[in-house]
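Here the structure is laid out as structure tokens; the discussion comes afterwards.
Please read all numbers here as calculations on a predicted model, not as lab measurements. One is the number of the first residue; the rest follow in order along the sequence.
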Amino acid sequence: MSRDKHTNADLKFARWIKEGRGSGRGSDYKPWLTVRDVPSKGRSHRVFGHKSQRTHHLLSDLELAVFLFLEWHPRSTDIREQFPLPLKATLAAAEGAGIRHPAVSGVPQYMTTDFRVSTSDSDQPEFALQAKYQSEFAFPRVVEKLELERRYWASQNIPWFIITEKDLPAGIINNIKWLYPTQGDHIPTMELHERLSFYTESFQSNPKLTVISLAKKLDIAYHLTPGESLLEIRQLLAQRFFIFDIRIPHIKLTAAHLAPMKIMSMPGGRNVSSE
């Protein structure tokens, strides 16, 4: 093992710690790994988080899907991706389990958990998630590293879960992807009341029309720019001013599927049915 390699790695890790990587919360959090630090096959993503008000670094399509689901869930309050585990703790776990610790050229590396999530749920205020494609479980080394990760979070009394692509229904993720870009759009209060009244009446008058068809009809009727009505509807759905079943594909969503929330009952208007 080269002393130079150890020294270079120690200096890099010390620099990252000084930069604040792996520390902070909300908008102040900095992930341990960024998309620039990991070799990419074009599947990494930098996505703005509406809850954290910062850019999140996601290293796979699966991580993106998990992030969107967590971001959409009303009880998640903070999502910290690429969260580092203390090196001393994972080295101790590896020794105790008789598992070789992750290393590069003999130099021990920091392990990371894909997501550390804070919630508003008093029964489970925090949990950790590792996103893995099912095909990866065929490799014994992957399973060994997951065991080290499991042992670390167990020592912290924080629930830890593995999530795969099988746990995320494609229809729900596609709906969230469709709505997510408009989730943070600002709607002035006076305009919001008018818009809710107008679309509530439109939905009730055209229950059998799909949302997309109704939006096109409204654009024509009111001489609007094509797509303007659909954008406004997406904003209202994304910000949960209407209750709907998120499992219904948005291309099949009809006006009858939507029900308006009462503004007085909406602390921020953040509620959606997944029933």
Hey, mind stepping through T113 and E149 against side-chain hydrogen bond (donor to acceptor under 3.5 Å, both in side chains) and telling me if it holds?
-> CA-CA 8 Å; T113 289; E149 194 176 341; 2.7 Å; yes
F242 vs H257, ring pair (Phe, Tyr, Trp, His ring centres under 6.0 Å): CA-CA, chis, key distance, verdict | CA-CA 9 Å; F242 285 87; H257 289 133; over 10 Å; no
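Inter-residue side-chain proximity for E144 and E147 is flagged as unmet; no heavy-atom pair is nearer than 4.5 Å. Taking 4.5 Å as the limit, every side-chain heavy atom of E63 sits out of range of all side-chain heavy atoms of E81. Between L258 and L253 the shortest side-chain heavy-atom distance falls below 4.5 Å. In this structure, H56 and F67 have side chains that are in contact, with non-hydrogen atoms separated by less than 4.5 Å.
Atom OG1 of T112 is separated from atom CD of Q130 by 6.5 Å, given to the nearest 0.5 angstrom.
By the side-chain contact (heavy atoms from CB on, under 4.5 Å) test, R75 is found to be paired with H73, S120, D121, residues two or more places apart in sequence or in another chain being considered. For P125, the side-chain contact (heavy atoms from CB on, under 4.5 Å) test picks out no residue, with sequence neighbours left out. Listed by chain and number, the residues in a side chain to side chain donor-acceptor pair (under 3.5 Å) with T34 are D37 (sequence neighbours excluded).
Sparse packing is recorded around CD of E201, with 12 or fewer heavy atoms of other residues, nucleotides or ligands lying under 6.0 Å away. Within 6.0 Å of the CZ atom in F69, the count of heavy atoms belonging to other residues, nucleotides or ligands does not exceed 12. The local environment of NZ in K132 is crowded, with over 12 non-hydrogen atoms from other residues, nucleotides or ligands closer than 6.0 Å.
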Can you give each donor-acceptor pair under 3.5 Å made by side-chain atoms of residues 222-231, sequence neighbours left out, with the distance rounded to 0.1 Å?
residue: E228; atom: OE1; partner: T225; partner atom: N; Å: 3.4
residue: S229; atom: OG; partner: D219; partner atom: OD1; Å: 2.7

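Applying the side-chain hydrogen bond (donor to acceptor under 3.5 Å, both in side chains) test to residues at least two apart or on different chains, the pairs with a partner in residues 87-100 are T90-H101.
If you look at F241 and Y199, their ring centroids are not closer than 6.0 Å.
Residues R141 and P102 come closest through the heavy atom pair NH2-N, 3.4 Å. Between L236 and L196 the shortest heavy-atom distance is CD2-CD2, 4.1 Å. When all heavy atoms of H57 and P31 are compared, the closest pair comes out as CD2-CG, 3.9 Å. Here the closest heavy-atom approach between residue S118 and residue R25 is recorded as OG-NH1, 3.3 Å.
The aromatic rings of Y110 and W32 are tilted relative to each other, their planes meeting at an angle between 30° and 60°.
With hydrogens and angles disregarded, no donor-acceptor distance shorter than 3.5 Å links the side chain of H193 to the backbone of M190.
Hydrophobic cluster of Y152: the remaining members, joined at side-chain heavy-atom separations below 4.5 Å, are Y29, F83, L85, I99, M111, F137, F139, V142, L146, L148, W153, I158, W160, I162, listed by chain and number.
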